[in-house]
Structure formats: C-alpha cells, structure tokens
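In this chain, residues are counted from 1 in sequence order. All ligand and atom numbering here is 1-based and tracks the order in the structure.
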Amino acid sequence: MEYTGISAASGYALGPAFLLQDRQIQVLKSEVTKENLDSEILRFEEALRKAAQDLEEIKERARQTIGSEEAEIFTAHILVLQDPEYSGAIKDMIRSEARNVEWAVQAVTDQFLELFASMDNDYIRERAADLRDVSSRLLRHLLGISTQSLSEITEKVILVAYDLTPSDTAQLDRDKVVGIVTNIGGRTSHSAIMARSMEIPAVVGVQDIMEKIKSGEFVIVDGSEGKIIVNPTEDLIQLYKEKQLSYEAQREELKKLVQLPSMTPDGIQVELIANIGNPKDGLAAVENGAEGIGLYRTEFLYMGREALPSEEEQFEAYKSVTEMFGREHPVVIRSLDIGGDKELPYLDMPKEMNPFLGYRAIRLCLDRTDIFRTQLRAILRASAYGNIKLMYPMIATLEELRKANKVLETVKQELLAEAIPFNKGMEVGIMVEIPAVAVMADRFAREVDFFSIGTNDLIQYTMAADRMNETVSYLYQPFNLAVLRLIRSVIESAHKEGKRVAMCGEMAGDLTALPILLGLGLDEFSMSASSVLLARALVRQLTMKKARSIAEAVLEMDNPLEIENFVKQEMQC
Ligand code: PEP
Ligand code: MG
C-alpha cells in the first residue's frame, strides 16, 4: 500500500516500522471500596512485575546492540521500580485514601518529583528523569497502553509516530532511526527541520498513518517524493535499494565541492552558511563546506533536560562552535526562541490556544530577563573567541528591539566591571519573521547591523497558515507573490542603509527559490548543512544576470505554481 504525505527530508529508507504510541496518559481519580483494596494492591504488584520484566528484556537487547554502559540506564530504571520507598508510598496511598492505583502512582510520582525539583543537583535531576520514565511505564501497563518508547529502539527501524516533538527528534539515534513518518506536521515544523539536518529521510503529514501501519511491518520511506510504501513487493524493494545507492553516490559526488568557492560563473561570491541546533551539527556544517553559521538555534541546548543550562555550559557550547569556524567566518547565535512547537516543561509555561502567536522567543526573554541575561553573558563571553553575531528572534516592534538592546548593554557593563573579555563591536541583528517588521524594515534597518529573514514563520504569519498543520499546507506558499514582495522590500530597505540581509528560513535552501532570492539581492543563504553542497553546485552554474532576469520575471506573475514551474524550466535550459 502506498500513502502520500509531505516530503520533509529527502533520501530513501527501508526497514521495519516502529510505532511510537501517544504518550499522553490520562489518569482518572476514583474511589475504591474497602473490599477491593487488596485487589488494587495486587494490580499494582502485577504492573511492577511486568514493568520489571520489560526492562530486563530491553536492557539485554540494549546490551547486545549498543553496549553494556548504555544498557545501564535500564538498571537505574529497575532500581526505581524496586525502591521500597516509592512502591511503599503508593501502596500506603491506595490504602489510606482508598484510591485507585493509577491515581496513587501519579500522585506519589508527582510528590517525589516536586521534592527532586527543590534539590539543585545533577544526579537527582537524572533520577527525576528515570522516575518519569518508570511511572509512565507502570501507568501504561495498568491502563493497557502499548509500552513502546524511543529509548527502546535498539535496531534499525522506520519510526512511525503521530507527532514528534523537537526534543524527541533531538534524542534520536541516527544509527537506529533510519527513516521517519509522522501523521501531522509540515515541512518547516522543527522536527522536519531536524530530520533534514540529521539526514534522516522523512515524510510528514501522512494522515491516519498510525492506523495504517502495524509495528514490525516492512516500510519504504521515499523522503524525496514524500511517500511511503507499506509491505512492498520484492520488485519495489529492489527498485528502492537501487535508488538509495544512486542517492548516496550523488551525495558522495557533491563532496568534491567542499573546498570550492560558491561563485557564480560571472564572478559573484555567494555566502552559503548553515543552520545548526548544537555543536555536533557544527561539525556537519564544516564537513559540508558551510562558510559559517547563519543560525544557531540555541533553544536545543535548553531541551531534553530538567533545568536551565548554566552560563558556563552555554559559554562552552557557543565557544566550541565559534572555534570550529575561526575568526573570519561568522557564527550567528540566536537568543532563546522557545515557545510555539518548542516547549520547556521545566519552565512551567502557560498552555496557550495559539502557541505560535503567544508567549515565545523575545517576548519570554524580555519578561524573564534572568534567563535572557545569563544567555547574553555566555554569548558575549564566547564572542572573544571568534566572529559571533547576536540575533533576536520574533521581534515585532521597535520597542522590543530597543528593550533587548538595553538588557544587552547592562550585561556588557557588568562584564566590563568584572574585566571579562568580549567583542565590544559584536554585531546585533534581528530575524524578520513577523510581517509587521518586514513592512517596517526601513525603520528597523537604521537600528540593526543585519537582518535575517525567517521565512518559516514569515510565510505562516503572512498566509495565516499554521506551519505545523498539514491540512492547510496548500496555503503555506513560499512562492506566493505576497511573500516574494515582502522579501524584496526587506532586502531593498536594508541595502539602502548599507546593511546585509541573510535568510535562515528553509526557503534559503530550496533550490527553486534560490535563483529568485539571488536575483533579488539576498546576501547570505543559511540552510541545513545537508543542502549546502547542492546549493553550491547550483550557484556555480547560475549567472547573476540570469538570476536577476528570473527574479524580475516572477515578480510579474501571480500564481505560485506558475512561478515555481517557471524557475524550474529556466534552470533546465
Ligand atoms: C524561521 O522562522 O524561519 C526560522 C528560521 O526560525 P524557526 O524555524 O526556528 O522558527
Ligand atoms: Mg522562526
């Protein structure tokens, strides 16, 4: 059976499906009669036994496939299960309050977690993560919910999930998860962006896929065409194995461009830089010949953990990326952009109706200046080691920009007073991702050192089409004339003030958009590391003259599909 979705990361993958079940567990509170208390305790003991059995099996599988040291995590989980303080407290609660076991497990776990949260200690924080895992395993046994979770993947699989959070994706092991399929999501959801940077073929937005595939069934993921095939014939398997080989050969061929300049045949140097989420991605950017970093999404440093990263930890991360690129190449570090689809459970952020329009990014930082200041200190300190530039996300008004700069100024004064070195001339720019800023770009251009156009958000806000929602993905149109006109006007406004304009939204790495953007005068293109060499190959055969004529022509058209087809046709001849 073949199903179509949205191509999120190109390439091909073949393997058994691993279905990640919805991990939202609903626990209801109910009263237990005196006569039933014993059987409630028995249910608990049975769940403890099954959970321990699961964990022993997973541990053994992990020991064989990933190694003894890594398998020890599951020993820690087993120890939590065997801890008499934990299980004793649950049994006490069932008896003393005559409550159902599920509710007691949840309530006792919450009490322990609260206690752990009050202790400032890395070891305890790790135990909190173990406790969360163990309690949800117990609850899934009690409620009869399938128990598969990401930590159980020990062999090469195609991960099939309703949705993947960015922090789930950040924890994926690229050697185990060879392909990704999700029910919801768009091409610019952060999980899709990360799949691209990890070079894991992915198809998102495949409706009802959780009902259409069973765990263990053989699946082909065609990330290039945005389709998947379940239980394919032998012939199809053979065909896709061949496609996979030729795709890999093509990527090998591209590696020859790593050391070559990104220069058009008529001598225009184009800056191709990379988007990263952590220092490891920085290495991939270097290997793929990126000429710097145009977007360091620092929020990933804050995810998948129990508490905020310290100034020191952040400083080390920023410094290490800067040192990979030397003093001549830029590293644009974006201040924390949490919110939207990127959550931090430990920050206790309010649940919102429209998270993408809510309390996120610079809005949160200007409110929680304690968090903002720590990050700014770390970025400024790292700026002494290379060409770091600071960028604020989600700026909507000039007041926000000025407020952020004021905080930056006070942090600089603090470092000066402490005689801590930093680059006093560090450039400061903003992301242009809210239409209000694009429209007011002439005013903003006077107060920033550079712009970086964030088309992932700019398109969703311009078209009022959620970037995460596959049902309105037809409206999420990078080639809509409204979007192209906004981009043109941002570039013109910046150039009038002598400022450079980058783009770090996914559109910058789209080979069909690139000729238009180059023709419109975009200065820097920041994209997934895996797209850099493809973009370089294109730039090396596209004259600036042709790019300008393409841009001019498409601005006369008004149909996104017509624009896209026109560029494709022009690039073929
Ligand atoms: C953007 O909005 O284009 C962008 C690069 O930021 P993010 O994808 O992290 O929202
Ligand atoms: Mg954005």
Do the side chain of [X] and the main chain of [Y] share a donor and acceptor less than 3.5 angstrom apart?
X: Arg536; Y: Gly289; result: yes
X: Arg540; Y: Met263; result: no
X: Arg377; Y: Phe315; result: no

> Which of the listed options, Glu299, Met431, Met391, Met394, holds the heavy atom that is closest to atom 4 (C) of ligand 1?
Replying inline: Met431

> Is the cationic atom of Lys568 (NZ for Lys, CZ for Arg) positioned less than 6.0 Å from the six-membered ring centroid of Phe566 and within 45 degrees of its normal?
Replying inline: no

Test of understanding: given a 4.0 Å heavy-atom threshold, classify the contact between [X] and ligand 1 as side chain, backbone, both, or neither.
X: Met503; value: neither
X: Arg334; value: side chain
X: Thr455; value: backbone
X: Glu506; value: neither

Working to the nearest 0.5 Å, report the span between [atom1] of [X] and [atom2] of [Y].
X: Leu272; Y: Glu524; atom1: CG; atom2: CD; answer: 10.0 Å
X: Met391; Y: Ile430; atom1: CE; atom2: CD1; answer: 10.0 Å
X: Leu533; Y: Leu254; atom1: CG; atom2: CG; answer: 5.5 Å

> How close does the nearest protein non-hydrogen atom get to atom 1 (C) of ligand 1, and which residue and atom is it?
Replying inline: Asn456 CB, 3.3 Å

> Which protein heavy atom lies closest to atom 7 (P) of ligand 1, and at what distance to 0.1 Å?
Replying inline: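 In this structure, atom 7 (P) of ligand 1 has His190 NE2, 3.2 Å as its nearest protein heavy atom.
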
Which of the atoms in ligand 1, numbered in the order shown and given with their element, are less than 4.0 Å from a heavy-atom of [X]?
X: Leu295; value: 5 (C)
X: Glu433; value: 1 (C), 2 (O), 6 (O)
X: Cys504; value: 5 (C)
X: Lys342; value: 9 (O)

>> What verdict does the salt bridge (charged side-chain N to carboxylate O under 4.0 Å, His left out) test give for Lys499 and Glu427, after you've listed the backbone C-alpha separation in whole Å, the side-chain angles of each residue and the deciding distance to 0.1 Å?
In response: CA-CA 11 Å; Lys499 307 287 164 69; Glu427 288 190 19; over 6 Å; no

> When the aromatic ring centroids of Tyr318 and Tyr296 are compared, is their separation below 6.0 Å?
Replying inline: yes

> Are Glu311 and Arg381 within salt-bridge range, i.e. N to O under 4.0 Å?
Replying inline: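 A salt bridge is present here (some side-chain N lies under 4.0 Å from a carboxylate O).
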
> Does Lys389 pair with Asp449 as a salt bridge, N-O distance under 4.0 Å?
Replying inline: no

>> Can you confirm whether Leu514 sits close enough to Val539 that some side-chain heavy atom of one is under 4.5 Å from a side-chain heavy atom of the other?
In response: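 With C-beta onward as the side chain, the pair touches.
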
>> So, at under 2.8 Å, which protein N, O or S atoms would a careful student list around the Mg ion (ligand 2)?
In response: Glu433 OE1, Asp457 OD2

> So is Arg467 in contact with ligand 1, going by heavy-atom distances below 4.0 Å?
Replying inline: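 Per 4.0 Å heavy-atom rule, Arg467 contacts ligand 1.
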
>> Is there a polar contact, in the sense of an N or O pair closer than 3.5 Å, between Arg297 and ligand 1?
In response: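 Yes; the residue has a nitrogen or oxygen that sits under 3.5 Å from a nitrogen or oxygen of the ligand.
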
>> Geometry only, no angles: is Gly454 polar-contacting ligand 1 at N/O separations under 3.5 Å?
In response: yes

>> Run the salt bridge (Lys or Arg N to Asp or Glu O under 4.0 Å) test against Arg305 and tell me which residues pass, sequence neighbours left out.
In response: Glu313

